[in-house]
Amino acid sequence: MFERQILIPSAQEIHAAQPLPHSLKKLKEERDGLVKDVIAGRSEKLLMIIGPCSAHESAPVLEYVKRLGKLNEKVKDRLVLVPRIYTNKPRTRGIGYKGMFFQPDPENKEDILKGIQTIRELHLHVMDESGLTAADEMLYPENYSYFEDVLSYVAVGARSSENQMHRLVSSGAEVPVGIKNPMSGSIPVLLNSVFAAQCPQVFKYGEWQVATQGNEYAHAVLRGMVDSYGNDVPNYHYETVMRVLEDYKSSDRLKNPAVVIDANHSNSGKKFRQQIRIVEEVLQNRAYDKFFKKIVKGFMIESFLVEGCQKHNVVFGQSITDACLGWEDTERLILDIAEKA
């Protein structure tokens with residue numbers, strides 16, 4: 001039984017009520033182009049998808065991204081910084097805080113309409129005050145249309161990479177989509193997902209039958225795997241990445257071979273400080289092997305203003321979900337990556 005609570009306006013109605021100003025559309029186009037150039041190999045810059053595990057409150061996220069925008073001025077010749085504004089949180093057991101989309105106030109009850117409005121307002125402030133455009137996870141494909149005009153990067157999570165609707169919607173996205181390996185770690189399944197997202201598709205989306213041209217910027221993200229006993233197993237090492245490269249090369253149908261390394265999750269065993277070591281190892285491998293360097297296009301890193309995490313929203317700028325690096329470590333890490341990229 002479904003209890004109807006709040007009628008949610010269509011994406012078109014939301015866009016009309018909270019439009020992307022013309023002054024920011026050019027910024028969005030330029031930023032999209034920077035990310036696409038990295039994935040396609042037209043740029044040798046490294047892509048950095050970086051920010052809090054979940055964007056649970058607007059004020060600290062905006063403060064974080066404003067700092068990132070200032071830092072961007074120092075590294076923009078070597079890096080493309082894309083802040084994580086992840087507003088949907090997957091839950092392994094289906095309960096708990098599910099993100100700003102559902103709960104714009106993490107200490108209060110669900111209010112999806114307010115969540116949508118809050119997220120769009122946050123993105124517009126971020127673009128205006130930092131000069132950056134952001135990434136989000138496509139946890140629920142039907143929600144993507146509410147934010148497709150403000151995002152420069154979309155991630156598909158490990159639990160979703162085998163889902164047909166995620167693949168189909170990714171094929172119609174106009175920005176790069178990073179598809180994570182499934183929890184099993186299967187590389188063939190991952191590359192099948194990338195291929196499906198790169199192909200033209202016809203499907204039902206909302207009230208319409210739609211056709212897409214395929215997204216040639218869909219690419220692989222390695223986030224580690226979980227074995228049959230629930231143990232985290234990393235897959236960022238040289239051998240795995242080179243195997244992915246070989247699998248890309250063996251297919252004449254996949255475009256723009258690209259791998260982004262997720263430095264947290266099962267790669268770090270959710271030990272957030274290990275992200276620094278993991279990034280360093282990957283950078284060493286890029287320096288060692290030109291083919292490794294060519295396919296590894298960047299990193300996903302979880303960081304926020306204050307390191308660690310908390311159960312309730314008490315400390316300003318500290319994650320209420322997975323633990324993150326603090327700002328000081330984040331700044332040092334970004335500068336280090338820029339120097340070695």
Side-chain angles (χ1 to χ4, degrees), residues 1-21 24 28 51-62 65 83-128 133-157 159-160 163-170 172-175 177 203-210 310-314 316 319-322:
M1 176 180 177
F2 296 92
E3 175 192 349
R4 294 182 176 179
Q5 295 183 332
I6 301 172
L7 179 63
I8 307 298
S10 69
Q12 291 76 16
E13 291 171 314
I14 291 291
H15 286 213
Q18 294 176 286
L20 177 65
L24 296 179
K28 169 73 164 53
C53 173
S54 294
H56 68 271
E57 186 180 15
S58 294
V61 172
L62 182 58
V65 178
R84 288 171 55 111
I85 301 182
Y86 279 29
T87 57
N88 294 276
K89 176 65 178 176
R91 308 307 309 198
T92 301
R93 297 184 177 180
I95 59 173
Y97 174 68
K98 295 184 177 69
M100 186 183 287
F101 187 92
F102 290 89
Q103 290 172 260
D105 179 351
E107 304 295 336
N108 212 329
K109 65 180 182 179
E110 294 85 354
D111 189 336
I112 291 174
L113 176 55
K114 185 177 179 181
I116 294 170
Q117 294 166 338
T118 300
I119 293 166
R120 284 195 63 85
E121 182 179 24
L122 174 57
H123 276 287
L124 297 181
H125 283 313
V126 161
M127 295 167 70
D128 188 47
T133 49
D136 199 354
E137 179 176 354
M138 189 195 297
L139 186 57
Y140 306 99
E142 63 270 24
N143 298 343
Y144 172 64
S145 59
Y146 287 101
F147 312 110
E148 61 185 355
D149 61 327
V150 295
L151 296 171
S152 286
Y153 186 92
V154 176
V156 173
R159 299 173 182 84
S160 305
N163 180 271
Q164 293 302 307
M165 198 62 183
H166 284 82
R167 294 172 168 186
L168 296 174
V169 175
S170 295
E174 296 184 7
V175 297
V177 176
F203 57 101
K204 181 181 179 295
Y205 191 48
E207 298 179 350
W208 291 87
Q209 173 179 311
V210 298
Q310 57 185 333
K311 290 185 177 180
H312 298 283
N313 188 25
V314 177
F316 184 85
S319 175
I320 65 168
T321 50
D322 292 350

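Sequential numbering from 1 along the given sequence is applied to the chain's residues. All values reported here derive from a predicted model rather than from experimental measurement.
- Taking all atoms of both residues into account, the shortest heavy-atom contact from Ser170 to Met138 is OG-CE, 4.0 Å.
- For the pair Lys311 (side chain) and Ile320 (backbone), a donor-acceptor distance under 3.5 Å is absent.
- In Glu174, the CD atom is not crowded: 12 or fewer heavy atoms of neighbouring residues, nucleotides or ligands sit closer than 6.0 Å.
- Side-chain atoms of His56 never come within 3.5 Å of backbone atoms of Gly99 as a donor-acceptor pair (strictly under, hydrogens ignored).
- Closest heavy-atom contact between Ala155 and Tyr86: CB-OH, 3.5 Å.
- Under the 3.5 Å distance criterion, the side-chain polar atoms of Ser319 are matched with a main-chain donor or acceptor of Asp322.
- Ile6 CD1 to Ile8 CD1: the interatomic distance, rounded to the nearest 0.5 Å, is 5.5 Å.
- Taking a 6.0 Å sphere around NZ of Lys114, one finds it holds 12 or fewer heavy atoms contributed by other residues, nucleotides or ligands.
- No donor-acceptor distance shorter than 3.5 angstrom exists from the side chain of Glu142 to the backbone of Gly206, with no hydrogens or angles considered.
- Note: Ile112 CD1 to Phe102 CZ = 5.0 Å, rounded to the nearest 0.5 Å.
- Aromatic ring pairs are classed by plane angle as parallel below 30°, tilted from 30° to 60° and perpendicular above 60°; the pair His123 and Phe147 is tilted.
- In terms of heavy atoms, Gln103 sits closest to Asn108 at NE2-O, 2.8 Å.
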- Could you walk me through whether Leu113 and Ile14 pass the side-chain contact (heavy atoms from CB on, under 4.5 Å) test, one step at a time? CA-CA 9 Å; Leu113 176 55; Ile14 291 291; 4.1 Å; yes
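- Between Tyr144 and Val175, the shortest heavy-atom distance links the atoms OH-CG2, 4.1 Å.
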- Item | Criterion side-chain contact (heavy atoms from CB on, under 4.5 Å) on Asp128 and Leu124, from CA distance to verdict | CA-CA 6 Å; Asp128 188 47; Leu124 297 181; over 6 Å; no
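- Looking only at side-chain heavy atoms (C-beta outward), Glu207 and Ser10 stay at 4.5 Å or farther from each other.
- Judged by distance alone, the side chain of Arg91 and the main-chain N or O of Tyr97 form a donor-acceptor pair under 3.5 Å.
- When all heavy atoms of Cys53 and Arg84 are compared, the pair lying nearest together is O-NH2, 3.2 Å.
- To the nearest 0.5 Å, atom NZ of residue Lys89 and atom CE of residue Met100 are 14.0 Å apart.
- For the atom pair CG (Leu151) and CD (Glu148), the distance works out to 9.0 Å, reported to the nearest 0.5 Å.
- The nearest pair of heavy atoms linking Thr118 to Pro104 is OG1-CB, 3.8 Å.
- The local environment of CD1 in Ile95 is sparse, with at most 12 non-hydrogen atoms from other residues, nucleotides or ligands closer than 6.0 Å.
- A donor-acceptor contact shorter than 3.5 Å is absent between the side chain of Arg120 and the backbone of Val150.
- The distance from the CE atom of Met127 to the CG atom of Leu24 is 4.5 Å, given to the nearest 0.5 Å.
- Environment of NZ in Lys109: sparse, with no more than 12 heavy atoms of neighbouring residues, nucleotides or ligands closer than 6.0 Å.
- In this structure, His15 contributes its side chain and Ser145 its backbone to a donor-acceptor pair below 3.5 Å.
- Atom CZ of Arg159 is separated from atom NE2 of His166 by 11.5 Å, given to the nearest 0.5 angstrom.
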